Student: 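Handing you a structure now.
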Number of protein chains: 2
Amino acid sequence: MINDRHENIAKVCKALSHPARVLILEYLKGIDTCICGDIVNILPLSQSTVSQHLKQLKEAGLIRGDIEGTKTCYCIDKHVLENFKKTVNGL
Amino acid sequence: MINDRHENIAKVCKALSHPARVLILEYLKGIDTCICGDIVNILPLSQSTVSQHLKQLKEAGLIRGDIEGTKTCYCIDKHVLENFKKTVNGL
DNA sequence: ATCGTTTATCGTAGATTAACGATTATGAAA
DNA sequence: TTTCATAATCGTTAATCTACGATAAACGAT
């Protein structure tokens, strides 16, 4: 009964089931790329907590993290986001 | 920083963060209305568990439950669903 | 080689979620 | 009124989530 599509929608929705992660996604949408510290500066959360949120967004495929030296540059995976939008539209 | 819109997206996404609830929503979409027992019959979950899932979908506003005698007829709140789609499209 | 910056991970505590069986409540039917 | 059908709630257990501080890892700069 439950198929891969249900699982996939649930997976992405779970990643977006916390307001901080929704905000992070929108923030990334606006600036293309940023590092963890940037988000720590705009949210009242510790560095470790923000890192965890980023990890969850990454595991859901919504964002990517490119390591550059000591920094990690995060950006949206537009393809995954668009695909999610299409799937939600199909609901 | 985090505003009502972030909270709202997170709330609905949370309701859809479990594959069983995604399936239930789609099922309701297809048949317009059904009772709890119908869903128990198509999912490998107990009656109490299905009832809890329905409760979460209802609390998120995605579905309504109209009591008719001893049964409760569940149906999608199309307005809320459409609103969610639009909001997701804006991401 | 050491120091400073940045990020990820570890360990932890408290809250929440998911699932179940059992129970309760309500109304319909006999 | 007793029974049946239906759904919600209670109580419980195991798992997961959220948040934090502390620590570790990696790199650039001095």
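So that the names make sense, note that chain A is the first sequence line, chain B the second, and so on, each numbered from 1. Source: prediction; values computed, not measured.
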Student: For DNA chain D, which residues of residues 13-24 of chain B approach it to below 4.0 angstrom with any heavy atom?
Tutor: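 Under 4.0 Å from DNA chain D: no residue of residues 13-24 of chain B.
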Student: Is there side-chain contact between Leu16(A) and Val88(B), with at least one heavy-atom pair below 4.5 Å?
Tutor: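 A side-chain contact is absent here, since even the closest heavy-atom pair is not under 4.5 Å.
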Student: May I ask you to say whether Lys29(A) pairs ionically with Glu26(A), meaning some side-chain N is under 4.0 Å from a carboxylate O?
Tutor: no
Student: Just N and O in the side chain of Ser51(B): are any of them under 4.0 Å from OP1 or OP2 of dA7(D)?
Tutor: no
Student: For Glu59(A) and dA8(C), give me the distance from atom CD to atom C1', rounded to whole Å.
Tutor: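 Glu59(A) atom CD is separated from dA8(C) atom C1' by 12 Å.
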Student: Rounded to whole Å, how long is the line connecting atom CD of Gln56(B) with atom P of dA8(D)?
Tutor: 13 Å
Student: Nearest whole Å is fine: how far is dA8(C) C1' from Ile35(A) CD1?
Tutor: 14 Å
Student: Could you tell me whether Ile67(A) contacts a base, only the sugar-phosphate backbone, or nothing, with contacts defined as non-hydrogen atoms closer than 4.0 Å?
Tutor: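 Nothing, no nucleic acid heavy atom in range.
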Student: In whole Å, what is the span from the NZ atom of Lys71(A) to the P atom of dG4(C)?
Tutor: 17 Å
Student: Rounded to whole Å, please give me the gap between CG in Leu45(A) and P in dA19(D).
Tutor: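 Answer to the nearest Å: 6 Å.
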Student: Atom CG of Leu54(A) and atom P of dT6(C): how far apart are they, to the nearest Å?
Tutor: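 The answer, rounded to whole Å, is 15 Å.
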Student: In terms of the nearest nucleotide of DNA chain C, which residue is placed more toward the 5' end: Gln52(A) or Thr72(A)?
Tutor: Thr72(A)
Student: Whole angstrom is fine here: how far is it from CG in Asp66(A) over to C1' in dT7(C)?
Tutor: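 So the CG-C1' distance, Asp66(A) to dT7(C), works out to 14 Å.
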Student: Within the side chain of Thr72(B), is there an N or O that forms a donor-acceptor pair under 3.5 Å with the backbone of Asp66(B)?
Tutor: no
Student: Grab the NZ-P distance between Lys55(A) and dA8(C) for me, whole Å please.
Tutor: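 In whole Å, dA8(C) P and Lys55(A) NZ are 10 Å from each other.
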Student: Could you check whether any side-chain heavy atom of Val22(B) comes within less than 4.5 Å of a side-chain heavy atom of Ile2(A), counting everything from C-beta outward?
Tutor: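 With C-beta onward as the side chain, the pair stays apart.
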Student: Can you spot which of Leu25(B), Asp77(B), Leu81(B) makes a side chain to side chain contact (heavy atoms under 4.5 Å, CB included) with Ile63(B)?
Tutor: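 Answer after filtering Leu25(B), Asp77(B), Leu81(B): Leu25(B).
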Student: What one-letter contact string describes nucleotides 21-28 of chain C from 5' to 3', where B marks a base within less than 4.0 Å of any protein heavy atom, S marks contact via sugar-phosphate atoms alone, and - marks no contact?
Tutor: BB---BS-
Student: Please check if the side chain of Ser51(B) supplies one atom and the backbone of Gln47(B) the other of a donor-acceptor pair under 3.5 Å.
Tutor: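 No, the answer is negative, given that no donor and acceptor are paired below the 3.5 Å cut-off.
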Student: Identify whether Tyr27(B) and Val50(B) are in the same connected component of the hydrophobic contact network (ILVMFWY, side-chain heavy atoms under 4.5 Å).
Tutor: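 Shared cluster, yes.
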Student: Using modelled atom types only, decide if a donor and an acceptor are shared between the side chain of Asn89(B) and the backbone of Lys85(B) within a distance under 3.5 Å.
Tutor: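 Yes.
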Student: Verify, without hydrogens or angle tests, whether Ser17(A) (side chain) and Ala10(B) (backbone) share a donor-acceptor contact under 3.5 angstrom.
Tutor: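 Checking the backbone N and O of Ala10(B) against the side chain of Ser17(A), no donor-acceptor pair under 3.5 Å is found.
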Student: Would you indicate, yes or no, if dA8(D) has its OP1 or OP2 atom less than 4.0 angstrom from a side-chain nitrogen or oxygen of Tyr74(B)?
Tutor: yes
